[in-house]
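One structure below.
Remember, it's a predicted structure, so these values are computed and weren't measured experimentally. For the numbers below, each heavy atom of this structure counts, side chains included, while hydrogens, waters and symmetry mates do not. Order of appearance sets the numbers: ligands from 1, and atoms from 1 within every ligand.
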Amino acid sequence: MKKYKIAVAGTGYVGLSIAVLLSQHNEVYAVDIVPDRVNLINNKKSPIQDKEIEDYLLTKPLNLKATLDAAFAYSNADFVIIATPTNYDPQKNFFDTSAVEAVIKLVMTYNPNAVMVIKSTIPVGFTKTIREKTGSKNIIFSPEFLRESNALYDNLYPSRIIVGTDLKTKRLTEAAEDFARLLKEGAIKRTLIPCLWILLKLKL
Ligand SMILES: NC(=O)c1ccc[n+]([C@@H]2O[C@H](COP(=O)([O-])OP(=O)(O)OC[C@H]3O[C@@H](n4cnc5c(N)ncnc54)[C@H](O)[C@@H]3O)[C@@H](O)[C@H]2O)c1
């Protein structure tokens, strides 16, 4: 399978497990805004408690670099995977999607052709709204099902892979299929993984 350049925004449970998974076969830059996390990863230490991530960082030949330089990482990426926090804000009764939107803004500035895959938890309708708001046709959503402390394990043995797309847009549908293949390629369990494409009802 083709090797991709991938940037992952956020090195928490979701971002770091995906960065490690994909860096077995692709060139991956893991972007964070916290210098300590970046330093730990570049020293092959995990900033989060996760047995498989700790083990893979130490023992596997990963093509993974952590960086604070988002502009550099996003400029060179085929895919930008967004795994930043979206904490629930009880005051607004809504998820705080500002970190996701900040990443999308940077990607649109430095590399608008990159396909952005949102892995963060977002409210229903967010992908459609943000595509309309930004004018980008390159944003898709793929829900994450991992458990904290078993994050990489759950991506190595996925129970299912779901990627949203707009089936009317050939490039985006191919990108969604490629992204699902990338997740499968990094997994140990590669067979009997149900894969699902979800049609986004977008007015294009
Ligand atoms: N943890 C889970 O079990 C789980 C499961 C499914 C979905 N999710 C969702 O995935 C998202 C991430 O969850 P998590 O547990 O990995 O979060 P986390 O808080 O562990 O990690 C998020 C990381 O993103 C970094 N970050 C913040 N703003 C950034 C920016 N602008 N650019 C780059 N990095 C930035 C933070 O410094 C942090 O290291 C959330 O939306 C969460 O709801 C989490």
With side chains defined as the heavy atoms from C-beta onward, is the minimum distance between Leu22 and Leu183 less than 4.5 Å?
->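 Of all side-chain heavy-atom pairs linking Leu183 with Leu22, at least one is under 4.5 Å.
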Min side-chain heavy-atom separation Leu156-Leu21 under 4.5 Å |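 Of all side-chain heavy-atom pairs linking Leu21 with Leu156, at least one is under 4.5 Å.
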Contacting atoms of ligand 1, where contact means under 4.0 angstrom from a heavy atom of [X]:
| X | value |
| --- | --- |
| Gly12 | 16 (O), 18 (P), 20 (O), 21 (O), 23 (C) |
| Gly10 | 23 (C), 24 (O), 25 (C), 33 (C), 34 (N) |
| Glu148 | 1 (N), 2 (C), 3 (O) |
| Val31 | 33 (C), 34 (N) |
| Ala83 | 12 (C), 22 (C) |

Assess whether side chain to side chain donor-acceptor pair (under 3.5 Å) is satisfied between Ser98 and Asp96, documenting all intermediate values.
-> CA-CA 6 Å; Ser98 56; Asp96 178 359; 2.7 Å; yes
Cationic N near anionic O, under 4.0 Å, Lys170 to Glu174 |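 Answer for the salt bridge query: yes.
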Tell me which part of Val34 gets within contact of ligand 1: side chain, backbone, both or neither, using heavy atoms under 4.0 Å.
->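 It is the side chain that gets close, since no backbone atom is under 4.0 Å.
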Location of contacts on Ser120 toward ligand 1, heavy atoms closer than 4.0 Å =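 Both backbone and side chain.
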Do ligand 1 and [X] have nitrogen or oxygen atoms that lie under 3.5 Å from each other?
| X | result |
| --- | --- |
| Arg147 | no |
| Val103 | no |
| Arg37 | yes |

List for me each residue that meets side-chain contact (heavy atoms from CB on, under 4.5 Å) alongside Lys3, sequence neighbours excluded, and say none if there are none.
->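 Result, side-chain contact (heavy atoms from CB on, under 4.5 Å) vs Lys3: Asn26.
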Can you measure from CD1 (Ile41) to NZ (Lys65) and round to the nearest 0.5 angstrom?
->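 Rounded to the nearest 0.5 Å, the CD1-NZ separation comes to 13.5 Å.
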Nearest protein heavy-atom contact for [atom]: which residue, which atom, what distance?
| atom | answer |
| --- | --- |
| atom 6 (C) of ligand 1 | Glu144 O, 3.5 Å |
| atom 41 (O) of ligand 1 | Thr86 OG1, 2.5 Å |
| atom 5 (C) of ligand 1 | Leu146 O, 3.7 Å |
| atom 14 (P) of ligand 1 | Tyr13 N, 4.0 Å |
| atom 19 (O) of ligand 1 | Pro85 CG, 4.3 Å |
| atom 43 (O) of ligand 1 | Thr121 OG1, 3.0 Å |
| atom 11 (C) of ligand 1 | Thr84 O, 3.4 Å |
| atom 13 (O) of ligand 1 | Val14 CG2, 3.9 Å |

Can you find a side-chain donor-acceptor pair between Asp178 and Tyr4 that sits under 3.5 Å?
->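 A pair is found: one side chain offers a donor N or O, the other an acceptor, under 3.5 Å apart.
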Report yes or no: do Ser136 and Asn138 form a side-chain donor-acceptor pair below 3.5 Å?
->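 On atom types as modelled, these side chains do not qualify, holding no pair under 3.5 Å.
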Ring centre gap for Phe126 and Phe141 strictly below 6.0 Å |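 No; Phe141 has its ring centre 6.0 Å or more from that of Phe126.
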Out of Leu106, Asp32, Ile33, indicate the one that has the non-hydrogen atom closest to atom 37 (O) of ligand 1.
->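 Nearest option to atom 37 (O) of ligand 1, by heavy atoms: Asp32.
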Donor-acceptor contact below 3.5 Å, side chain Thr165 vs main chain Leu167 =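 No.
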According to the salt bridge (Lys or Arg N to Asp or Glu O under 4.0 Å) rule, which pairs have a member within residues 101-126, sequence neighbours left out?
->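 The answer is Glu101-Lys133, Lys119-Glu144.
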Out of curiosity, is Ala102 lining ligand 1, as in a heavy atom under 4.0 Å away?
->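 No.
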From Ser46, Pro47, Ser149, residue fulfilling side chain to side chain contact (heavy atoms under 4.5 Å, CB included) relative to Ile53 =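 For Ile53, the side chain to side chain contact (heavy atoms under 4.5 Å, CB included) test succeeds with only one of Ser46, Pro47, Ser149, which is Ser46.
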